[in-house]
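Since the structure comes first, as structure tokens, the remarks are kept for the end.
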Amino acid sequence: MQRFLQSDFFYAFTRSPLAMVSLLVVVLMVLSAVFANFIAPTNPFDPASLNLMNGFTPPMEANMFTGESFLLGTDDQGRDLFSAILFGLRVSLFVGIMAVGLAMVLGVLLGLIAGYVGGWLDTLIMRLADIQMTFPSILIAMLIFGVARGLLPPELREEMAITVLILSIGLSEWVNFARTVRGSTMVEKEKEYVAAARLIGLNRWQIMLRHILPNVLGPVLVIATITLALAIIAEATLSFLGVGAPRTEPSLGTLIRIGQDFLFSGEWWILLFPALTLLALALSVNLFGDWLRDTLNPRLR
Amino acid sequence: MLLIILRRLGQSIFVLFLVAFISFMIFRYVGNPVDNLLGQEATTERREALIESLGLNDPLHVQYFDFVVRALQFDFGVSYRTGMPVAEMIVQRLPATIELALVSAVFAILLGVVAGVYTAINRRGFIANAILSSSLIGVSLPTFLIGVLLIWIFAVELKWLPSFGRGTAVDLGFWSTGFLTISGLKSLILPGIMLGLYQMTLIMRLTRAEMLEVLRQDYIKFAKARGLPDRTVYFGHALKNTLVPVITIAGLQLGSIVAFAIITETVFQWPGVGLMFINAVYFVDIPVMSAYLLLVGTLFVLINLIVDLLYLLIDPRLRDGQLRRAGS
Amino acid sequence: MSFVVAKDLCRTFDLSDPWIVRKLTMRPKRLLQAVDRVNFSIERGTTYALVGESGSGKSTIANMVVGLLKPSAGSITIDGQNLGDASMSRPDQQRLRRRIQMVFQSPYASLNPRWKVGDILCEPMRAFKLIEGSEAQRRRAAELLEQVGLSDSDASKYPHEFSGGQRQRISIARALASQPEVIICDEPTSALDVSVQAQVLNLLKSLQKEFGLTYLFITHDLAVVSTMANKIGVLNQGVLVEEQDTEGLFSTPREDYTKMLISSAPKIEFGS
Amino acid sequence: MTETLLELKGLEVTFKTRRGVLKAVDDLSLTVNKGEILGIVGESGAGKSMTGAAIIGLIDPPGRVSKGEIWFEQERMDEHPQQLRGKQISMVFQDPLTSLNPLRTVGDQLVETILAHMYVTKAQARQRAQDGLAEVGIDPDRINAYPHAFSGGMRQRVVIALALATEPKLVIADEPTTALDVSVQAQVLDLLKKLCRERGTSVILITHDMGVMAQTSDRIAVMYAGRLAEIGDTREVLSNPQHPYTQGLMASTPSVDAKSFGSELFQIPGAMPKLDALPPGCAFNPRCSQAHERCRTSRPPMVSGRAACWLMEDAS
């Protein structure tokens, strides 16, 4: 810890207001998503707490029937938008983080194997990655989503939607991890400390996991951050298109989809607030990732 | 040289067969074609007859072969939802998607490369930094939000441009184009911007990064040391070397444009193949999904092939077979 | 019998295209003969130097002697044991491996940047089961650091906190940690500045005296060789063109290639 | 009578870093005469490459020339180095593999350089390019070849042809042979020397190799930790080095002969200090066996234009 506080990395962090602010926003959002139950004034998915009379209340104004007022207004069902956004944030972040985790574990492992073992395994993994690279990940995610829906019996489709969503985004984003890790593994593999480890008779897995893995994690961290932004956006996009999170468990994307229907009739807040939340989240993750990349890879500055 | 072209061609054909195989697997095993065509209440005899006529009892490789042959004849089966032949649906809708993609691709590449080079050369300039910062917002803004925003401002509030559809299209027999009417052109603007903006920021950031990387190379330093004017150094030496990797990624981005067209088409109710696909995913309309995959896959493989051949034209080291393309 | 014997050592690298491409273009295999029937032997406790320019095959030989590469043909025996003996059991292999260690060229790439120096030094002890118990291992690591002229407090630092010369010392300490009998030095000073190079060369010499080590010294620098080696082999494109003891080689070189190497080495003299 | 071509007066190059401002080159004054080869020798980090980059005006930020003057042919040039760059002063870099643009033919790069500085037609430029290649021993018919078609030594010849194409008065060669094999190194050095002698071109040869220096240069400047330690005629400096650092450097360089076997090499203890941890006084004092009180407190001046050392001052 002492070492970390004295490192150039931490120094660069304290010198970059942008990095600090973006990290702060991300941390705040994660916290409010985790503690949504305690922060949110109402539980937006408890039908008992909904009052249709409260529908379409503008933000900070009293409803003309019930006299209740809501910080960010309500939607067509009279649901408090602030609470809905908190719970939506939770779904978005959960899906994003799980998907990135899946992609990372898969990509790092395959990349290590491809880079270190080489041979036909490398060819197989990298051809697969090349082919998948040709297809934009959002399309792959949609395909996996569609196929999974086709394979699941209709009654399970709603229930499994979130799992399917995580799988489809995770499986569509592993390639970047694998390619980067393979690249750095091939560089590290040629370095002499690996030869030294071979000289004392360590086996492949010991060399890969103990010696090479710690040295390729830097870029992985950067990619994970940038991929998190991508995954959050992908989830929102899928949900916006109606092929992601179900209405029973709405994410930010679902809320935007709902809000879009009311844009033309003047209820702008139903769209605007979820959209702003999504933008703030994606932007701060991206900003932080961008700063991370520049700091860990000073050549590009 | 010929060898490399042959090798690339071989790879492309292999990938095509693989894509066809995945489409086939989806077509054959996801959902139940018999249930979908006949409904669940059909008699056993009718089922048997259909299974026989569809060739579902044949060995797998025979079925796959049939599938490929039929695909080559542009026969993708019948949509579960509309009952129309899928090929017919595609032919109807493809021109709309291609015109949209074309407009945004030109927009994205031209502006992206110019802005990328500008921000790389004037690294510390105020305008360059402003462009760079706003590009990060561009990358973080989901494309559908850009679309919704554009509709709100230009269609709902200002009422300058239409909010959906492609206006009046002129039917040329084999192709229906929106390029020939005012309303068609006006309808293209918003979706074109929405689809191109994200790609533009990506291409811009990539061009900038590559250009900076090239500018750090020894041969650029040496060119400066020889007293060549900045213009020659930047445009004579750096730009060409920058464009080599940019072409690859930009080529792949063209592929993304087709994929992201799905989102644009949904937001603007644009009558293209993307809208058709998203409906298919929603209603689990397997033949349409499988055909779309095949179509897009072929397109991507073609784009990749062209990009690689362009690479050969530009880089003399590759022409002499000295270096392989990094990472492939 | 000499301590290290290389007999008819050969190594080819296959640079050909994949099989299918070769058949299509009807081109033959492209093979690179990196090392071609090289013979040499090293007496216990002496230094043998292999000298050559880039592409001479000297590093390939070094990698074969430590067992990182397999010879295409020929054999290497250490103290009578054949290195390529396929019938050897794994514990026997480990025992043989312990006796041959290596000091590498790059002071930057040869130490894992994420590991503390102490851990780097303890790893061979653990892998070869030389010393049990972390306390004993730590004491041994401190001892090794002092032997190469560093202090025991350096064990808790990371490699990037050291200069190039100090890192080469750590690299030497790591080789010593497995208590080897043969050390292959692959251009150990070519990345160092002259004043530091002398320090490292002197250290290697004094360690040789102290532990009776046998060195195989790989270098492109004739000047370094002249101070280090008892016997010198000159390599040119994979072939051992000349072998003599050090004095003979410099006073009466027999081959034209050796003469050319000696005459083109820059010297500090003022005839011009 | 020798005529001065280039003069550095109190040159200082600084880098701003987190740990303060580092002086990569510190108060460096020296002259280069017309037609002579001046060698700058020193270990990595001594500031020798930075000196070369400062003269041609190509220091990468955050580094900059913060003090001092550079005079070329009696005119001050450090405020507008780009006016002389390429025409009067050119440069040869260390790695021939990376100093040529891989996507353009060597002829193209030659012609472009000639056209940028000389009033000639394209055809004349091309003729000159071919002549230039012939001079460095490359078949002029290979003018349309790409750099990757040449070996390392050949590429460095192309680089030399490029550097000499505009008939500059000064060539700065930064470790021009470090990346090459010994046998090729000798050829390339001889070529550079021969061509510059023929044209009366001055050369600043930057290297870490005392042997290369001894065989090529007329005068030698020894740098240590950004400062000039010793300067003088090659023969004098090498046969009778004044600064203890030069003495140590000479003694620790192994020589190519049989006599040296078995003997211990002379070694200078320690390593060159990092620029952010320079000792007070003489930068060399912690490694110097003859250092005394004064060396540890105040920085020695250049004594009789030869060496910056208190011992010399004391002796005189």
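Below, read A as the first sequence line, B as the second, and so on, with proteins coming before strands; counting in each chain starts at 1. All figures in this text were calculated on a predicted structure; none of them were measured in a lab.
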- Task: For residues E123(C) and L202(A), report the shortest heavy-atom separation together with the two atoms involved.
- Result: OE2-CD1, 3.1 Å
- Query: What are the two closest heavy atoms between Y193(A) and P113(C), and how far apart are they?
  - Reply: CE2-CD, 4.2 Å
With a 4.5 angstrom heavy-atom cut-off, is it the side chain or the backbone of [X] that approaches chain A, or both, or neither?
X       : result
F128(C) : side chain
R98(C)  : neither
Q105(C) : both

Verify the neighbour count for atom [atom1] of [X]: are there more than 12 heavy atoms of other residues, nucleotides or ligands below 6.0 Å?
X      : atom1 : value
F13(C) : CZ    : yes
F94(A) : CZ    : no
M98(A) : CE    : no

- Output the option from E190(A), E188(A), R198(A) having the highest count of non-hydrogen pairs under 4.5 Å with chain C. R198(A)
- Message: Using 0.5 Å steps for rounding, measure from the CZ atom of R114(C) to the CG atom of L213(A).
- Response: 10.5 Å
- State the CG-CZ distance between L199(A) and R174(C), to the nearest 0.5 angstrom. 8.5 Å
- Any Q101(C) side-chain heavy atom under 4.5 Å of I200(A) side chain: yes
- Item | Check: Y108(C) and K191(A) side chains under 4.5 Å, non-hydrogen atoms | no
- Message: When you measure from the side chain of E192(A) to the backbone of L111(C), do you find a donor-acceptor pair of N or O atoms at a distance under 3.5 Å?
- Response: no
